Amino acid sequence: MAENDNFFEKVYEVAGQIPYGRVTSYGAIAKYLGAARSARMVGWAMNGAGNMEDVPAHRVVNKAGLLTGKHHFKGTNLMQQLLESEGIKVKANQIQDLDRYFWDPWKELGESD
DNA sequence: AGCCTGACTCGGC
DNA sequence: AGCCGAGCCAGGC
């Protein structure tokens, strides 16, 4: 039952398509789904995605590159370690050179609309 | 049924 | 350039 029609499922799909060593923002995903103002819902969806290995929630940060959701992971700094493990530089719970690692679904996947 | 909170973002000062 | 307030949608109490 892949309810791809659900907002949450869409979030999981997009997040699951984030390539290794890349990150994106909640707003980018939300906007890609047509809910630019519902970035919070993306984060809320991530709450359930955190249990999914197919959904690298650690690759999803806020627009500022801050690891806002790191507190929701198992460990205290698990999220940061995962990002650093992928070659992403993280400092003070914030991704360095975010522009270099940023992955925009709208740009990469393209809405083709 | 109503109010508060929350893994966000933007605009104004 | 940094801080504050408002907007947004959905879930929890």
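Letters A, B, ... mirror the listed sequences (proteins, then strands); counts begin at 1. All heavy atoms count here, side chains included; hydrogens, waters and symmetry mates do not. None of the values given here were measured: they were computed from a predicted structure.
Under 3.5 Å, the side chains of A/Asn77 and A/Lys70 contain no donor-acceptor pair of N or O atoms.
Shortest non-hydrogen contact noted between A/Ala49 and A/Val55 is CB-CG1, 3.3 Å. Counting all heavy atoms, side chain and backbone alike, A/Pro105 lies closest to A/Ala28 at CG-O, 3.8 Å. Pairing each heavy atom of A/Pro56 with each of A/Gly16, the nearest pair is CD-CA, 3.9 Å. Taking both residues in full, the closest heavy atoms of A/Leu66 and A/Ala92 are given as CD2-O, 4.1 Å, listed atom of the first, atom of the second, then distance.
Using a 4.5 Å cut-off between side-chain heavy atoms of Ile, Leu, Val, Met, Phe, Trp and Tyr, A/Val61 falls into a hydrophobic cluster with A/Val23, A/Leu67, A/Phe73, A/Leu78, A/Met79, A/Leu82, A/Leu83, A/Ile88, A/Val90, A/Ile95, A/Leu98, A/Tyr101, A/Phe102.
Within residues 68-80 of chain A, the residues approached by DNA chain B to less than 4.0 Å at the level of any non-hydrogen atom are A/Thr68, A/Gly69, A/His72, A/Phe73, in residue-number order. Annotation: proximity of residues 55-63 of chain A to DNA chain B (heavy atom, distance under 4.0 Å) is found for A/Ala57, A/Asn62, A/Lys63, numbered in ascending order.
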- Report the C-alpha distance between A/Val14 and A/Trp103 in whole Å, list the side-chain angles of each, state the deciding distance to 0.1 Å, and finish with yes or no for side-chain contact (heavy atoms from CB on, under 4.5 Å). CA-CA 11 Å; A/Val14 178; A/Trp103 178 83; 4.1 Å; yes

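Side chain of A/Tyr12 to main chain of A/Ala45: a donor-acceptor pair is present (N/O by atom type, distance under 3.5 Å, no hydrogens or angles). With hydrogens and angles ignored, the 3.5 Å screen pairs no side-chain donor or acceptor of A/Tyr26 with any backbone N or O of A/Arg40. For the pair A/Ser38 (side chain) and A/Met41 (backbone), a donor-acceptor distance under 3.5 Å is absent. Looking only at distances, no side-chain donor or acceptor of A/Glu108 sits under 3.5 Å from a matching main-chain atom of A/Asp104.
Within the structure, side chain to side chain donor-acceptor pair (under 3.5 Å) pairs that include any residue of residues 50-64 of chain A comprise A/His58-A/Glu86, A/Arg59-A/Glu86 (at least two apart or interchain).
On the nucleic acid side, DNA chain B contacts chain A at distances under 4.0 Å to non-hydrogen atoms, with the end points of that region at B/dG6 to B/dC10.
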In B/S/- notation (B base, S sugar-phosphate only, - none; protein heavy atoms under 4.0 Å), nucleotides 6-13 of chain C written 5' to 3' is -BBBSS--

